[in-house]
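Everything numeric here is computed off the predicted structure, so don't read it as measured data.
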Amino acid sequence: MELRHLRYFVGVAEEHGFARAARRLGVALFERLPRGVRLTRAGEAFFIEARNTLDGAVRAIATARGASEDRASTLRFAHGELSLYAATLEGLLATFRGVHPEVKLRVSSQSDVEIYRALRERTVDVACVFLARYPVTGFGAHRLIDCATTGVLLPASHPLAAKPSVRLAELQTLTWLHSASQRWPGFLEAFEEALQDRGLLPQRRRERPKEAPSHNLLIAAGEAWALASEAIATPYRTGSQAIVYRPFVEPPIPCWLALVWLPEASAAVQRLIDVARSSGLAVGDADDTATPAGIREALSRRPSPTPTTRAIAARPRSPRARRR
């Protein structure tokens with residue numbers, strides 16, 4: 001749109017007459033006839049441009065409204081490495097789509113570092129990540145699943161494997177097989193502090209290979225041990241001849257699969273949280289379990305509540321941890 005087109009339009013509108021408008025604009029747009037008027041050559045040229053301008057304005061308004069409505073009805077969802085919980089998240093998103101078909105879901109997979117950057121830059125609305133600490137500074141969070149570390153994976157040939165449970169201090173001389181710090185930022189430090197709180201300062205450690213970040217071949221070879229949650233433990237309870245799972249007697253080490261977002265969650269994010277709660281995906285939300293209208297009918301079953309929340313809250317804290 002050019003300013004001269006606006007000046008023509010405003011001139012005619014304000015002068016309320018062709019003659020005064022022509023004098024103001026410096027060009028005649030209409031020619032009077034005995035009955036009515038007709039466009040001059042200048043008027044014909046202006047009419048084409050004016051109509052294009054008006055059509056463009058209509059399109060611009062429609063585009064702006066469409067963009068606004070699209071933003072309000074779109075949920076940009078990102079997830080990091082989901083480990084053994086992908087099926088749970090698949091169920092959550094499917095239930096959300098069933099309850100809110102008007103909301104477009106845009107799903108992306110990113111590393112945890114990329115996810116927090118995307119949230120800060122507002123290119124992602126909400127994300128699913130693992131948390132080692134709660135609450136999360138600078139973000140809102142809803143814990144979906146308690147993934148607390150409750151035991152260890154050991155070589156089946158190790159003497160500790162013959163015991164029904166272990167004390168973490170008994171692992172002092174074995175090599176701790178842990179994930180790279182880049183895999184889940186902040187977790188290695190949190191686990192180190194948790195182990196120290198429970199009486200273990202590992203003397204030997206080894207980082208998992210980057211090309212196989214979840215493999216346990218080093219444990220099977222009798223060279224290492226690793227921390228494990230109940231979900232990780234499942235295939236090793238009865239299905240492995242090389243590796244065994246043994247719970248430790250100390251309190252579980254906290255970990256959660258959670259939704260995170262910037263403060264002041266959008267309506268779409270809040271709807272996703274409501275669906276998660278109504279699906280039974282909520283840790284520590286006993287006081288907020290009301291089912292919004294329409295969600296109850298979309299849910300066919302609820303997972304059982306997580307077992308370790310009270311034990312985590314009751315675990316002893318070291319002086320250093322209390323100062324944090």
Side-chain angles (χ1 to χ4, degrees), residues 81 83-85 88 130-134 145-181 183-184 186-209 212-257 283 303-322:
E81 184 179 342
S83 187
L84 303 175
Y85 301 97
T88 299
F130 286 100
L131 302 179
R133 294 187 175 94
Y134 180 86
I145 301 174
D146 184 344
C147 311
T149 297
T150 56
V152 298
L153 299 181
L154 292 167
S157 58
H158 194 277
L160 288 175
K163 302 175 62 174
S165 61
V166 300
R167 292 189 175 276
L168 288 170
E170 296 177 296
L171 302 168
Q172 191 74 35
T173 59
L174 265 178
T175 299
W176 175 28
L177 181 64
H178 62 79
S179 297
S181 59
R183 187 181 181 195
W184 289 307
F187 268 76
L188 182 57
E189 178 188 6
F191 282 158
E192 288 175 335
E193 291 181 4
L195 290 175
Q196 186 173 349
D197 286 348
R198 291 158 178 76
L200 173 61
L201 185 61
Q203 296 176 356
R204 301 162 61 187
R205 58 175 63 199
R206 185 166 179 176
E207 187 176 291
R208 292 180 186 272
S214 61
H215 289 188
N216 293 315
L217 296 181
L218 291 172
I219 301 175
E223 299 178 12
W225 66 275
L227 293 167
S229 66
E230 294 291 329
I232 292 173
T234 299
Y236 297 107
R237 291 183 185 276
T238 57
S240 174
Q241 300 297 318
I243 299 173
V244 298
Y245 167 81
R246 293 294 179 264
F248 50 70
V249 299
E250 292 82 6
I253 299 174
C255 177
W256 302 274
L257 185 68
V283 178
S304 22
T306 56
T308 60
T309 305
R310 288 191 296 272
I312 293 170
R315 72 183 179 89
R317 302 285 289 173
S318 69
R320 183 177 66 170
R322 285 194 295 267

Under the criterion salt bridge (Lys or Arg N to Asp or Glu O under 4.0 Å), I'd like the reasoning laid out for Arg246 against Glu170: C-alpha separation, chi angles, the key distance, then a yes or no.
CA-CA 12 Å; Arg246 293 294 179 264; Glu170 296 177 296; over 6 Å; no

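- Between Cys147 and Tyr85 the shortest side-chain heavy-atom distance falls below 4.5 Å.
- Here CD of Glu192 is found 12.0 Å from CG of Asp197. Values are rounded to the nearest 0.5 Å.
- Put simply, the side chain of Arg198 gets close to the backbone of Pro251: a donor and an acceptor are under 3.5 Å apart.
- Remark: Ser181 OG to Glu207 CD distance equals 6.5 Å, nearest 0.5 Å.
- With hydrogens and angles left out, the side-chain atoms of Glu230 and Thr150 include a donor and acceptor closer than 3.5 Å.
- Taking CG of Asn216 as the reference point, atom CG of Leu153 lies at 5.5 Å (rounded to 0.5 Å).
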Test side-chain contact (heavy atoms from CB on, under 4.5 Å) on Ile232 and Thr149 and set out the steps.
CA-CA 9 Å; Ile232 292 173; Thr149 297; over 6 Å; no

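- For the residue pair Leu177 and Ala224, the shortest heavy atom distance occurs at CB-CB, 3.9 Å.
- When all heavy atoms of Ala169 and Gly199 are compared, the closest pair comes out as CB-O, 3.7 Å.
- With values rounded to the nearest 0.5 angstrom, Ile219 atom CD1 is found 12.0 Å from His158 atom NE2.
- A donor-acceptor pair under 3.5 Å is formed between the side chain of Gln172 and the backbone N or O of Leu201.
- Between Phe130 and Trp184, the ring planes are perpendicular. Angles over 60° get that label, and only those under 30° would be called parallel.
- The heavy-atom pair separating Ile253 from Ala194 by the smallest distance is CG2-CB, 3.6 Å.
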Stepwise side-chain contact (heavy atoms from CB on, under 4.5 Å) test for Leu174 and Leu154
CA-CA 10 Å; Leu174 265 178; Leu154 292 167; 4.1 Å; yes

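- Classification of the His178-Trp176 ring pair by plane angle, with boundaries at 30° and 60°, yields tilted.
- Between the side chain of Arg208 and the main chain of His215, a donor-acceptor pair closer than 3.5 Å is present.
- The heavy-atom pair separating Val249 from Ser165 by the smallest distance is CG1-OG, 3.6 Å.
- Within 6.0 Å of atom CZ in Arg206, 12 or fewer heavy atoms from other residues, nucleotides or ligands are found, so the atom counts as exposed in its surroundings.
- From Cys255, atom SG reaches atom CZ of Phe187 across 4.0 Å, with rounding to the nearest 0.5 Å.
- Atom CG of Leu160 sits about 6.0 Å away from atom CG of Leu171, to the nearest 0.5 Å.
- Scanning all heavy atoms of the two residues, the minimum distance from Leu195 to Leu168 falls at CD2-CD1, 4.0 Å.
- Taking every heavy atom of both residues into account, Ser179 and Pro213 meet most closely at OG-O, 4.2 Å.
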